[in-house]
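Below is one structure, written out as structure tokens, with a few remarks after it.
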Amino acid sequence: GKQFTILERENEGAAKAARAGYPILQGDSTSAEVLEEAGVRRAAGLVSALHNDADNLLVTLTAHSLNPDLFIVTRSVYPESVEKLRFAGANRIISPYELSGRRMATLLLSPAISDFLDIVAQGGPLEFRLAEFEVGQASGLAGKLIGDSAVKSRTGAMILAVRKHPGHHFDTNPDKNTLLEPGDLLIAMGTGEQLAELERIASG
């Protein structure tokens, strides 16, 4: 449900995306001009998933310089590239080999839990979903304790975790005395309708 544009340099990849009906801009994503044409200055986020760490580093550095508020997720093949990508402006760095290794271990040890989390996080036949919301300055939740906010009775959604400040750990067991403040990040679970109502209240 989010607007996006795919940047693809190769003819075959661009044609495949076009046939699938995706918005596609053919060009070199390491180029500042191509990123500008794609709308990087007004974008909320960028995923750089090129095969080469050096190219991902260049995309990250260029995009961050054009839009310092851009949330950048990038791929890293080699561990020694992680710090360079972070220094260049990447907010999240994914190592496919490390991630796939953890994923395979989880599937082996806890397959049902893994399947459930996939469904609630990415969509599927279950009614419930996971979503994240930031408490806005004008939010009806700001300045209230979770117990006093009556989120569950007002929306039907359930707050699973609260992060008070960026970079801090999540409180994965917030109680009724947890104070909600502007800028807090909430992880909640509920139906699409319940989460939409919570988002409305949280954003103000």
Atom [atom1] of [X]: over 12 foreign heavy atoms under 6.0 Å:
X	atom1	answer
Phe71	CZ	yes
Phe170	CZ	yes
Tyr97	OH	no
Glu132	CD	no

Do [X] and [Y] have side-chain heavy atoms sitting under 4.5 Å apart?
X	Y	value
Ile24	Thr5	no
Leu186	Val135	yes
Phe133	Ser203	no
Lys144	Leu179	no
Leu185	Val162	no
Leu195	Arg129	yes
Glu36	Arg41	yes
Val59	Leu46	yes

**OP:** Sort out for me which residue in Leu145, Asp184, Ile146 forms a side-chain contact (heavy atoms from CB on, under 4.5 Å) with Pro174.
**Re:**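 When Leu145, Asp184, Ile146 are each tested with Pro174, the side-chain contact (heavy atoms from CB on, under 4.5 Å) holds only for Ile146.
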For [X] versus [Y], what's the shortest heavy-atom pair and its separation?
X	Y	answer
Asn67	Ala43	ND2-O, 3.2 Å
Leu198	Ala157	CD2-CB, 4.0 Å
Ser153	Ala150	OG-O, 3.1 Å
Leu130	Met189	CD2-CB, 3.9 Å

I need the [X] [atom1] to [Y] [atom2] distance, nearest 0.5 Å.
X	Y	atom1	atom2	value
Met158	Leu160	CE	CG	5.5 Å
Asp28	Leu25	CG	CG	11.0 Å
Glu193	Thr155	CD	OG1	10.5 Å
Thr178	Ile159	OG1	CD1	9.0 Å
Phe87	Thr60	CZ	OG1	13.0 Å
Leu61	Ser48	CG	OG	11.5 Å

For Glu134, all residues meeting salt bridge (Lys or Arg N to Asp or Glu O under 4.0 Å), sequence neighbours excluded:
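Result, salt bridge (Lys or Arg N to Asp or Glu O under 4.0 Å) vs Glu134: none returned.
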Note to self: Same cluster or not: Val77 versus Val82, using hydrophobic residues (I, L, V, M, F, W, Y) connected whenever any side-chain heavy atoms lie under 4.5 Å apart?
What the structure shows: no
Check: Out of curiosity, does Val40 fall in the hydrophobic cluster containing Val34 (side-chain heavy atoms, cut-off under 4.5 Å, transitive links)?
Finding: yes
inquiry  = Using side-chain hydrogen bond (donor to acceptor under 3.5 Å, both in side chains), reason through Glu33 and Ser31 one step at a time and then give a plain yes or no.
reply    = CA-CA 5 Å; Glu33 290 75 17; Ser31 162; 3.0 Å; yes
Lys/Arg-Asp/Glu bridge criterion (N-O < 4.0 Å) met for Glu12, Lys16: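 Salt bridge between Glu12 and Lys16, a charged N being under 4.0 Å from a carboxylate O: no.
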- Is Glu197 salt-bridged to Arg154, cutoff N-O under 4.0 Å?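 Salt bridge absent between Glu197 and Arg154.
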Can a donor-acceptor pair be found, under 3.5 Å and without considering hydrogens, that links the side chain of Ser114 to the backbone of Ser110?
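No, Ser114 side chain to Ser110 backbone: no donor-acceptor pair under 3.5 Å.
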Verify, without hydrogens or angle tests, whether Asp55 (side chain) and Leu50 (backbone) share a donor-acceptor contact under 3.5 angstrom. no
Here the side chain to side chain donor-acceptor pair (under 3.5 Å) pairs for residues 71-92, sequence neighbours left out, are Asp53-Ser81, Glu83-Arg86
Working note: Gln26 + Glu8, criterion side chain to side chain contact (heavy atoms under 4.5 Å, CB included); need CA distance, chi angles, decisive distance, verdict. CA-CA 5 Å; Gln26 187 167 3; Glu8 173 58 59; 5.7 Å; no
* To do: Test Thr30 against Thr62 for side chain to side chain contact (heavy atoms under 4.5 Å, CB included), laying out the working first.
  => CA-CA 7 Å; Thr30 64; Thr62 305; over 6 Å; no
- Message: Assess the residue pair Leu7 and Leu35 against the criterion (side chain to side chain contact (heavy atoms under 4.5 Å, CB included)); give the C-alpha distance rounded to whole Å, side-chain angles, the decisive distance to 0.1 Å, and a yes or no.
- Response: CA-CA 8 Å; Leu7 297 183; Leu35 289 172; 3.7 Å; yes
